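So the structure is just underneath, and the comments pick up after that.
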Protein chains: 2
Amino acid sequence: MDPVDATGATQRQRLVDLLWQPPSPPRRGPRPTLTLAVIAQAGIAVADADGLGAVTMQRVAESLDVTKMALYRYVPGKTELVALMIEAGIGEPPTLPADAPWRDQLDAWARQMYDRFRRHPWAVAATVGVRVLGPHELGWMERAIAALDGTRLHGGEKLDVAVLLVGHVRNLAQQVAGIPTETPEQAMAPGLSELLRGREQRFPALLEAVASAAVQDGRDQALDFGLARILDGVQLLVTERARP
Amino acid sequence: MDPVDATGATQRQRLVDLLWQPPSPPRRGPRPTLTLAVIAQAGIAVADADGLGAVTMQRVAESLDVTKMALYRYVPGKTELVALMIEAGIGEPPTLPADAPWRDQLDAWARQMYDRFRRHPWAVAATVGVRVLGPHELGWMERAIAALDGTRLHGGEKLDVAVLLVGHVRNLAQQVAGIPTETPEQAMAPGLSELLRGREQRFPALLEAVASAAVQDGRDQALDFGLARILDGVQLLVTERARP
DNA sequence: CCAAAACTGTGTCCTTCGGATACAGATTAC
DNA sequence: GTAATCTGTATCCGAAGGACACAGTTTTGG
């Protein structure tokens, strides 16, 4: 199943080690010219500028004035490089007032995560699919779950709330990616209204919604809306659980 | 900005045409051995079997007993092939009872979309980022918006509800992809509990949640949970709007 | 009926990418 | 000092997307 290398470690285990136990500097041989952090930052710079597709070993190496193969001394492969970029890009989990109501905590949490994703739009595409989580990413999850500590939700429910919020934030960040100036609703997809033109009778409800939404103002209104709905729904459950 | 080909059409416009106006059969020359639908199905078969990464021109062409370059007679490039795969994979929007309450309609809508994504897990990864929407995909949106026709929500709000639901469904489908047997909570990420082992003091809330969630049963419980919360939240808004 | 036009599928070539391997130089431990 | 260890490099490879020219096939117009 999982490919095994010469040392007997699986690819997965090597990635886990890379993310969770940054390798100690070597005791012999020439001093390394690079570090994992520097490499990750270089990759992030490329991705921020020209998208995830532009992140190639060649390009990252060039920006660091080394050869492509030099990177492989630090990183097993491109998958691992992207994983490091995600960890660095998402960054440390936010510090939230632990004594604030859970709803305020989660609201702030979601907005800060949205901020990170907006700063690094490629991170949305990079974090699809099952993968190994790093300390930062797990720290974010921990912080969200911890916000629900006071409630009487089950463990599974707490996890589900976090998953729900992450999904919303990721989804919105993705929609806005690449269209920094317009509002999300207006530019949900390139030329939505353009597509609808000439097909009015086929998508009447959509047409009317888009037309009346175009008048709407609102930076990040879709984020606010979804967040309010989700937290309203969660609040309903929490209060229901609160009374015996 | 947008590359222009010899005929003066932009790449984007060519894709729009491909999705919305299936090209008519040629009037002269040899009969084509393939059709767009057949090619898309071949691509879907490959993706279903071995993932989106296994979808190469070569591989798809082989499965159709043609050369790689033959495909380019039908499809401008791989991007367009994937777009066709998405359209065919998502399929026609569901038929829902138009007289049912909006909540039941949206619930069924979301579950059917979840079903499609579960059948084609690669579709989640393929539909990240801004892209041109096809008739099917737009039809799904239309159907969701139409479900809210009776309510007094604004156009923008209706769109936001749809986006919210799509986000949840996509997110869940992605989590479950590749782990068909276990429950989503248990296998949110490969070896979440394995990662937590030895780091109990660093992620206490997460640890407790995972531990108590492991006992939970529940196929698709995360889907149900999120759906219920979201629709609860929407319902709150709808009823609020209903009374003057 | 026949030639020109239009179209299909193929073979060949190019570039880019991720990655394996072998090697030369630098640094440290014994 | 010498052996072990580690770094960065140069070279090579297979697979990928795609450009292009060509040969064969079918229809249209005279």
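Model, not experiment: these values are computed from the prediction. Quick note on labels: first sequence line is chain A, next is B, and so on, each numbered from 1.
Rounding to whole angstrom units, CZ of residue A/R59 and C1' of C/dT15 are separated by 17 Å. Atom P of nucleotide C/dG19 and atom CD of A/Q58 are separated by 14 Å, given to the nearest angstrom. In this structure, CG of B/L71 is placed 12 Å from C1' of D/dG17, rounded to the nearest angstrom. Note: CD (A/E62) to P (D/dG8) measures 17 Å, nearest angstrom. A straight line from CG of A/D65 to C1' of D/dG8 spans 13 Å, rounded to a whole angstrom.
At a cut-off of 3.5 angstrom, the base of D/dG18 holds at least one donor-acceptor pair with the side chain of B/K68.
Listed nucleotides: C/dC17, C/dG9, D/dT11. Nearest to the side chain of A/M69: D/dT11. Candidate nucleotides C/dG18, C/dG9, D/dG8 were compared by shortest atom distance to the side chain of A/K78, and C/dG18 ranks first.
Heavy atoms of A/M57 sit under 4.0 angstrom from primed sugar atoms or phosphate atoms, though from no base atom. In this structure, A/V75 reaches neither bases nor backbone, as no heavy-atom distance under 4.0 Å exists between it and the strands shown.
The pair A/D115-A/R111 fails the salt-bridge criterion, with no side-chain N (NZ, NE, NH1 or NH2) lying under 4.0 Å from an Asp/Glu carboxylate O. Salt bridge A/R143/A/E92: absent, no basic N to carboxylate O contact under 4.0 Å.
In summary, of the residues considered (A/D48, A/I90, A/L52), a side-chain contact (heavy atoms from CB on, under 4.5 Å) with A/H120 occurs for A/D48 alone.
No donor-acceptor distance shorter than 3.5 angstrom exists from the side chain of A/R73 to the backbone of A/M69, with no hydrogens or angles considered. In this structure a side-chain-to-backbone donor-acceptor pair under 3.5 Å is present from B/E142 to A/A205.
Residue A/Y74 places no side-chain N or O under 4.0 Å from the OP1 or OP2 atom of D/dT7. A close approach under 4.0 Å does not occur between any side-chain nitrogen or oxygen of B/Y72 and OP1 or OP2 of D/dC20.
For the side-chain contact (heavy atoms from CB on, under 4.5 Å) test, residues two or more places apart in sequence or in another chain that qualify with A/R59 are A/V46, A/D50, A/A54, A/T56. In this view, A/H136 satisfies the ring pair (Phe, Tyr, Trp, His ring centres under 6.0 Å) rule with no residue, not counting sequence neighbours.
Toward the 5' end of DNA chain C, the nearer of the two residues B/T33 and A/G77, judged by each one's closest nucleotide, is B/T33.
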Report, as a single string ordered 5' to 3', how protein heavy atoms within less than 4.0 Å touch nucleotides 22-30 of chain C: B base, S sugar-phosphate only, - not at all.
BB-BBBBS-

